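Written out below as structure tokens is the structure these notes cover.
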Amino acid sequence: MENSFFNDKEKDGNLRQAYEDYLLAKQEGNLDDLQLDEEAYEYILDRLVEEGDTPQVLELSGVAFSKLPYSEALLSRYCDTLILSGNPDKALEILSQYSDSFPQSVVVQLLFARGNIAKNRFRHARDYFYRALECGVSDSDTIDSVCAIAQDCIDYGNYREAIFYLEKASRIGTLPYEYFNDYAFCYDKLDDLQKAEEYYNLYLDKNPFNDTVWFNMGTIQARMKDFDKAIEAFEYSVALNPSNSSSLYNLSVVFMNLQRYKEAAQTFEQFVAIDSDVLGLLGLGESYIRLGRNSDAVDQFAKVIASDDKVAEGHAGLNTVKAIECYNKGDMNGFKSAFIDIYRTGTAWIGVVYDLLPQLENDKQFIDFLLELKQNDNI
């Protein structure tokens, strides 16, 4: 069912007919012969954007602008789509060609800025941004356009520049709360975790029902080692969306780091039920080992190897179980064989062996073996 916006726009039948004319022209390969007014072109382009059909948006916006080059809206749509499609050079060429026709256009100046950002010319982009300010900016559309520039900066990895544009947008008018997420993301990338947490909190104050933002918040708090808050954030995320595997995985890891292995196992079990990523199987296997459930751990590592025999971690996990069981049985030859295989992978599973066999620290036979192992370049 079409949404109400398009239904409302089609009430007089003219726009519906225009869309049918477009479909027919497209089917017959006569798109260049299509003759519509600005409103009809804009309506069809909005529908194509809604459908996520960027190639057709680019094609039709080019045709529309060639028919109506006096239209600022169609110029904007065409150049914006060119930039998004990875052709900023052509967008800048067209903007330069027609900029004299729109000397006081905020939109044109901001498009110049976006085109320059796409070419990593951030200083030039600022020059055009300031020209846009000189044209007078105040409405919500302008705020969204400036925030779009910030998003471009994020896409090109310039997070400080993104914050610059977000700050400028907030001075033009009230910044929609959704952009607090962009602020937080940038500060996260700049490793300013307290600022990131601050902006995620501002977002969640306005909308506490976004499971992805709760995941982001939990990740930040885990990195800050505020594990109680991280657990709370991840649990909120999962409560809002039980299929959020990223939150389940990170929550499992936090439980592992806190040595809360029973809770880690339970959460990893939820994770592997909805996600086939081998990291979940490996995590579940480790949590089972630490709970003394070795046969269950072996089942998980076997699943990893069955999915991809080249995953070294799967083999290392199996050898970890073997090493622990052999040592406890007094089978030193079996223990040494398994330990060497773990040692060859260079993985963290050696740490698991040490954790579960703390007596190794004072086992002279093991210490001599380890010294020989480290000195033997052939192993």
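What you see is a predicted model, and the numbers here were worked out from it, not measured in a lab.
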Measuring centre to centre across the rings, with the benzene-like ring taken for any Trp, is Tyr288 within less than 6.0 Å of Tyr261? no
Looking at every heavy atom in both [X] and [Y], which two are closest together, and how far apart are they?
{"X": "Ile117", "Y": "Ala125", "answer": "CG1-CB, 3.5 Å"}
{"X": "Ile44", "Y": "Ala18", "answer": "CD1-O, 3.6 Å"}
{"X": "Ala169", "Y": "Cys147", "answer": "CB-SG, 3.8 Å"}
{"X": "Cys79", "Y": "Ile94", "answer": "SG-CG2, 3.9 Å"}
{"X": "Val106", "Y": "Gly136", "answer": "CG2-O, 3.3 Å"}
{"X": "Ile143", "Y": "Pro176", "answer": "CG2-CD, 4.1 Å"}

Is the ring pair Tyr199/Phe180 parallel, tilted or perpendicular, if the boundaries are 30 and 60 degrees? tilted
Short side-chain donor-acceptor distance under 3.5 Å, [Y] and [X]:
{"X": "Gln17", "Y": "Asp21", "result": "yes"}
{"X": "Glu161", "Y": "Asn158", "result": "no"}
{"X": "Gln151", "Y": "Asp155", "result": "yes"}
{"X": "Asp211", "Y": "Ser247", "result": "no"}
{"X": "Arg47", "Y": "Tyr43", "result": "yes"}

Any donor-acceptor N/O pair, [X] side chain to [Y] backbone, under 3.5 Å:
{"X": "Ser337", "Y": "Asn333", "answer": "no"}
{"X": "Asn328", "Y": "Ile324", "answer": "yes"}
{"X": "Tyr183", "Y": "Glu167", "answer": "yes"}
{"X": "Lys119", "Y": "Arg114", "answer": "no"}
{"X": "Asn319", "Y": "His315", "answer": "yes"}
{"X": "Ser145", "Y": "Asp141", "answer": "yes"}
{"X": "Ser252", "Y": "Phe268", "answer": "yes"}
{"X": "Ser71", "Y": "Leu68", "answer": "no"}

So, are [X] and [Y] salt-bridged, with charged N and O less than 4.0 Å apart?
{"X": "Asp192", "Y": "Lys195", "value": "no"}
{"X": "Lys67", "Y": "Asp33", "value": "no"}
{"X": "Arg223", "Y": "Asp188", "value": "yes"}
{"X": "Glu286", "Y": "Arg290", "value": "yes"}

Quick one: list whatever passes side chain to side chain donor-acceptor pair (under 3.5 Å) with Asp331, sequence neighbours left out. none
Derivation and outcome, side-chain contact (heavy atoms from CB on, under 4.5 Å), residues Ile172 and Val146: CA-CA 9 Å; Ile172 294 170; Val146 176; 4.0 Å; yes
For Glu20, does the CD atom sit with more than 12 other heavy atoms under 6.0 Å from it, leaving out its own atoms? yes
A quick test of your reading: do over 12 heavy atoms of other residues, nucleotides or ligands sit less than 6.0 Å from CD of Glu51? yes
Would you compute the distance between atom [atom1] of [X] and atom [atom2] of [Y] and round it to the nearest 0.5 angstrom?
{"X": "Ser99", "Y": "Leu111", "atom1": "OG", "atom2": "CG", "answer": "11.5 Å"}
{"X": "Leu357", "Y": "Phe339", "atom1": "CG", "atom2": "CZ", "answer": "9.5 Å"}
{"X": "Asp226", "Y": "Met217", "atom1": "CG", "atom2": "CE", "answer": "10.0 Å"}
{"X": "Arg160", "Y": "Cys153", "atom1": "CZ", "atom2": "SG", "answer": "13.5 Å"}
{"X": "Arg344", "Y": "Ile340", "atom1": "CZ", "atom2": "CD1", "answer": "6.5 Å"}
{"X": "Ile342", "Y": "Glu313", "atom1": "CD1", "atom2": "CD", "answer": "11.0 Å"}

Is it the case that Arg131 places NZ or CZ above or below the six-membered ring of Phe112, under 6.0 angstrom from the centre and within 45 degrees of the axis? no
Passes salt bridge (Lys or Arg N to Asp or Glu O under 4.0 Å), Glu42 versus Arg77? Steps please. CA-CA 9 Å; Glu42 278 286 278; Arg77 184 66 64 95; 3.8 Å; yes
Check against ring pair (Phe, Tyr, Trp, His ring centres under 6.0 Å), Tyr41 and Tyr22: CA-CA 9 Å; Tyr41 279 125; Tyr22 160 73; 9.0 Å; no
For Tyr179 and Asp144, run side-chain hydrogen bond (donor to acceptor under 3.5 Å, both in side chains): C-alpha distance rounded to whole Å, both residues' side-chain angles, the deciding distance at 0.1 Å, then the answer. CA-CA 9 Å; Tyr179 293 114; Asp144 288 337; 3.1 Å; yes
Do the side chains of [Y] and [X] get nearer than 4.5 Å, heavy atoms only?
{"X": "Tyr249", "Y": "Asn244", "answer": "no"}
{"X": "Gln194", "Y": "Met224", "answer": "yes"}
{"X": "Tyr130", "Y": "Lys168", "answer": "yes"}
{"X": "Tyr343", "Y": "Ile350", "answer": "yes"}
{"X": "Phe209", "Y": "Asn241", "answer": "no"}
{"X": "Tyr128", "Y": "Leu95", "answer": "no"}
{"X": "Leu34", "Y": "Leu31", "answer": "yes"}
{"X": "Leu190", "Y": "Ile163", "answer": "yes"}

Evaluate side-chain contact (heavy atoms from CB on, under 4.5 Å) for Asn201 paired with Glu198, printing each intermediate quantity in order. CA-CA 5 Å; Asn201 272 321; Glu198 175 187 332; 5.8 Å; no
Excluding Val254, membership of its hydrophobic cluster (Ile, Leu, Val, Met, Phe, Trp, Tyr; side-chain heavy atoms within less than 4.5 Å) reads Phe215, Phe227, Ile231, Phe234, Leu251, Phe255, Leu258
Linked, directly or transitively: Leu24 and Leu48 (ILVMFWY side chains, under 4.5 Å): no
Are Leu279 and Leu248 connected, step by step, through hydrophobic side chains (Ile, Leu, Val, Met, Phe, Trp, Tyr) whose heavy atoms are closer than 4.5 Å? yes
For Val107 and Ser105, run side-chain contact (heavy atoms from CB on, under 4.5 Å): C-alpha distance rounded to whole Å, both residues' side-chain angles, the deciding distance at 0.1 Å, then the answer. CA-CA 5 Å; Val107 171; Ser105 171; 3.7 Å; yes
Side chain to side chain contact (heavy atoms under 4.5 Å, CB included) partners of Pro69, counting only residues at least two apart: Phe65, Tyr98
Give the C-alpha distance, both sets of side-chain angles, the deciding distance and a yes or no for ring pair (Phe, Tyr, Trp, His ring centres under 6.0 Å) between Trp349 and Tyr354. CA-CA 9 Å; Trp349 289 100; Tyr354 288 153; over 10 Å; no
Check the pair Tyr200 / Asn181 against side-chain contact (heavy atoms from CB on, under 4.5 Å), numbers first and verdict last. CA-CA 6 Å; Tyr200 281 133; Asn181 190 50; 3.1 Å; yes
